Number of protein chains: 2
Amino acid sequence: MAVYTEVTDEQLSAFIDTYPIGQLLSFKGIAEGVENSNFLVHTETGYFILTLYEKRVAPEDLPFFLGLMGHLAERGLNCPIPVENKSGGVLGELAGRPAALISFLDGMWVKRPAAAHCAALGEAMAQFHLAGQDFELSRPNTLSVGGWRPLFAQCKDQADSVYPGLSDIITAELETIEKHWPKNLPSGVIHADLFPDNVFFLNDRLSGLIDFYFACNDAFAYDIAICLNAWCFETDLSFNVTKARALLNGYASVRALEPAEYNALPLLARGSALRFLLTRLYDWLSVPDGALVTPKDPVEYLKKLRFHQSVETATAYGLEA
Amino acid sequence: MAVYTEVTDEQLSAFIDTYPIGQLLSFKGIAEGVENSNFLVHTETGYFILTLYEKRVAPEDLPFFLGLMGHLAERGLNCPIPVENKSGGVLGELAGRPAALISFLDGMWVKRPAAAHCAALGEAMAQFHLAGQDFELSRPNTLSVGGWRPLFAQCKDQADSVYPGLSDIITAELETIEKHWPKNLPSGVIHADLFPDNVFFLNDRLSGLIDFYFACNDAFAYDIAICLNAWCFETDLSFNVTKARALLNGYASVRALEPAEYNALPLLARGSALRFLLTRLYDWLSVPDGALVTPKDPVEYLKKLRFHQSVETATAYGLEA
């Protein structure tokens, strides 16, 4: 939870004046999001989310992220939509930060997803993948297999302080994954961060997807693998195969999985577990004393990785061979 | 900025169901307020603020605070209004905390108030004092002169670590103030915390007062003295007599000051400066390492105290004798 940048009402009023949305009536900082500063803005024409992009978002990626949201919304996906300013652009500057005004999306995320939520997530993810196919911009996945070794190099020496033997475990896993990482799977724009807090529901119906700031071009099945990790483990880190089956069946009801994707799932799930293990490990070791944000536990993803290491085929995820 | 208590969507939905405001559509934690947890709630019928009262608010005071807001609103004062639940009450419980749902008030607080803002504040404060006169509940001011010595006792030993000689300065000031503290001034319900962040403006017009959780019964002129300290010093802590004159004239245009109130202002201003010096000193010395909230600087109020010590009569605040 965070508001990293303070904005004065004069600054904000001047910024809002560049949009055709009437006069500013109120604004409040939102205690959510660990990457950016978010404010709820009320004007004469409605409620909006104002996002100030902090240092973890590269400014050159913003046209991709904001353009993607508009593109997906045009194709019927429920997601926040960047508001065009009076010059027709969607990106501005406020308090020295790149800033965008985005429509307010109703819905709440589910802290304890049930199988039905996983099924709805699968459907929405497949719709996302299909809707993104004719998006004209692209962005490489900087947090895919090629990025993991450099990331590990920055925290390898301290890894064992977090969990005994962790450095060796990651070294061995990196070798296996780099050797067997699948190529030529069906690819396109993926969300790459579809954790439960980025998926809104209303009355147990999925009402929208949010937070597109990790979106990139990569294998569709890698997005699925991320969700298997993020949605299908219980709080005791046991794997719930019913939820996984619901997720995969929900996905396949919109976009059929090819055999190569199906076969790659165990390795993609290992890779996805390693990706979050590494970024969490890096954050865990980098967090300054007295920081406002508590880093997430890397060991959770070590345990998920170990589950997928024990998996031989994707039947372990609940589907028939 | 803070959300101290996490609320699940199931808990919140059940709570919202006790109000006649339609179905819950979304909620977001607000990064404001250092005493309570606040959420913006959107339902089918509008936007509301949900407040969970944390440990610094005594539950037995809540009927006074919430009743006062309703009372003032009925008399035409712009302030947030507690929403009645289906049983006709305004106080509920959520996540183990007392909780209330309050109307959403537009407006923004002014970081650098000008004399015109001070004049508007004076008028609104006098309207508040008049509107509160027939409020049937009362609440003593636990942070008035009788509470300062016990508060000081808890931080006296460490006071000099914050500012050299501070312990002696406060000891001497307490003696003077206790000896000369005025009695029998016109009294009633005062806000007691009308800092700029509790006064909303729209287009430089005052649009409402918020945050009634220090309101109590005390001398009206003490409320004025608090505002002289909170609104009329520049960032370099020089006193701006133009702003003070605007504030006092604004107040007197709605409710005339009696001579006894006028004469008491310098001592009341010293007392008010001492009150915030003491509470800030206490917070400064009590804050745990790694706390989410940065305590406010007590020395600011030492400097304000010293200004008022140098004042002989209320003419120093810009009014004719």
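Bear in mind that the values here come from a model prediction, so they are computed numbers and not experimental data. Convention: sequence-line order gives letters A, B, ...; per-chain numbering from 1.
- Atom OG1 of A/Thr8 is separated from atom CH2 of B/Trp109 by 10.0 Å, given to the nearest 0.5 angstrom.
- In this structure, the portion of B/Leu40 lying under 4.5 Å from any heavy atom of chain A is its side chain and not its backbone.
- Contacts between A/Phe201 and chain B at a heavy-atom distance below 4.5 Å are absent for every atom of the residue.
- Here the closest non-hydrogen pair linking B/Lys111 and A/Val7 is NZ-O, 3.8 Å.
- Between A/Leu24 and B/Leu202, the closest heavy-atom pair is O-CD2, 3.7 Å.
- Under the 30°/60° scheme for interplanar angles, the aromatic rings of A/Tyr47 and B/His42 are found to lie parallel.
- More than 12 heavy atoms of other shown residues, nucleotides or ligands fall within 6.0 angstrom of atom CZ in A/Phe104.
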The test is side chain to side chain contact (heavy atoms under 4.5 Å, CB included); show your working for B/Phe200 and A/Ser26 and say whether it passes.
CA-CA 9 Å; B/Phe200 281 180; A/Ser26 80; 6.0 Å; no
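- Environment of CZ in B/Phe195: crowded, with over 12 heavy atoms of neighbouring residues, nucleotides or ligands closer than 6.0 Å.
- Put simply, of A/Leu12, A/Asn203, A/Leu105, A/Val110, the one with the most heavy-atom pairs under 4.5 Å next to chain B is A/Asn203.
- In this structure, A/Lys55 places its NZ atom where only 12 or fewer heavy-atom neighbours from other residues, nucleotides or ligands lie under 6.0 Å away.
- With contacts defined as side-chain heavy-atom distances shorter than 4.5 Å, the pair B/Lys28/A/Asn38 does not qualify.
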